[in-house]
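Have a look at the structure below, then the notes.
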Amino acid sequence: MLLVEDEPTIAGRRRGRRVAGDGAAALAAVASDRPDLVVLDVMLPGISGLEVMRRLREDGTTNGVAILLLTARSEEADRVGGLQLGADDYVVKPFSPAELIARVDAVLRRTGRAAGPERALAFENLHIDIVGHRVTRDGEEISLTQREFDLLLFLARHPGQVFSRDQLMEAVWQYSFYTDTATVTVHVRRLRSKLERDPASPRWLQTVWGVGYRFQP
Ligand code: CA
């Protein structure tokens, strides 16, 4: 998810997230990061939010991205115009974090981006049933919390790739507002204790010292 917002009160509380402060930065960030969703403020310095959206919709490589507009209460014309231009939804300022999260989730569900096309991943004796949210090792189910499952799935979808705690926080905790990287450390530890035969010498969830973690396929 990419947040495009020039107001520091909104942009600032989205710690650990990709934030672009103006339209040009937003277009560059979408091109390079390929987010699944852009939360786009209408009133931006330079290129307006609606113009950013028009360009994203016209560009064949980005016209599938989900777009959630942020508008002020007085900007009804922008909301209507935004929906006509292809916004998936809008949120009126001021909004609570919970409201934004709910709208983001709804847009991702509706646009079908909440679940990837693949149904399962298998690595030797480890099986991750993505659709059923089940993980088994040697056929025996391992009980994981939703967040542990999300973390495992994210790492397993990028086998061998190292991610920093900040990157994992961004990728796995993307819609919660108040997490820090210690949360990632705790979840990796818990995941190891459930997943690994020897958590002190992990087969799957490996630490890359000074960098972060990777899933060893
Ligand atoms: Ca603004």
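Whatever order the structure lists ligands and atoms in, that order sets their numbers, starting from 1.
Around the Ca ion (ligand 1), the protein contributes the following N, O or S atoms under 3.0 Å, ordered by chain and number: D6 OD1, E7 OE2, D41 OD2, M43 O.
The pair E75-K93 fails the salt-bridge criterion, with no side-chain N (NZ, NE, NH1 or NH2) lying under 4.0 Å from an Asp/Glu carboxylate O.
Residues F123 and F215 place their aromatic rings such that the two centres sit under 6.0 Å apart. F163 and H158 have their aromatic ring centers within a separation under 6.0 angstrom.
Ring geometry for W173 versus H187: interplanar angle over 60°, hence perpendicular rather than tilted (30 to 60°).
A donor-acceptor contact shorter than 3.5 Å is absent between the side chain of E51 and the backbone of S48. For R79 (side chain) and A72 (main-chain N/O), a donor-acceptor pair under 3.5 Å exists by modelled atom type.
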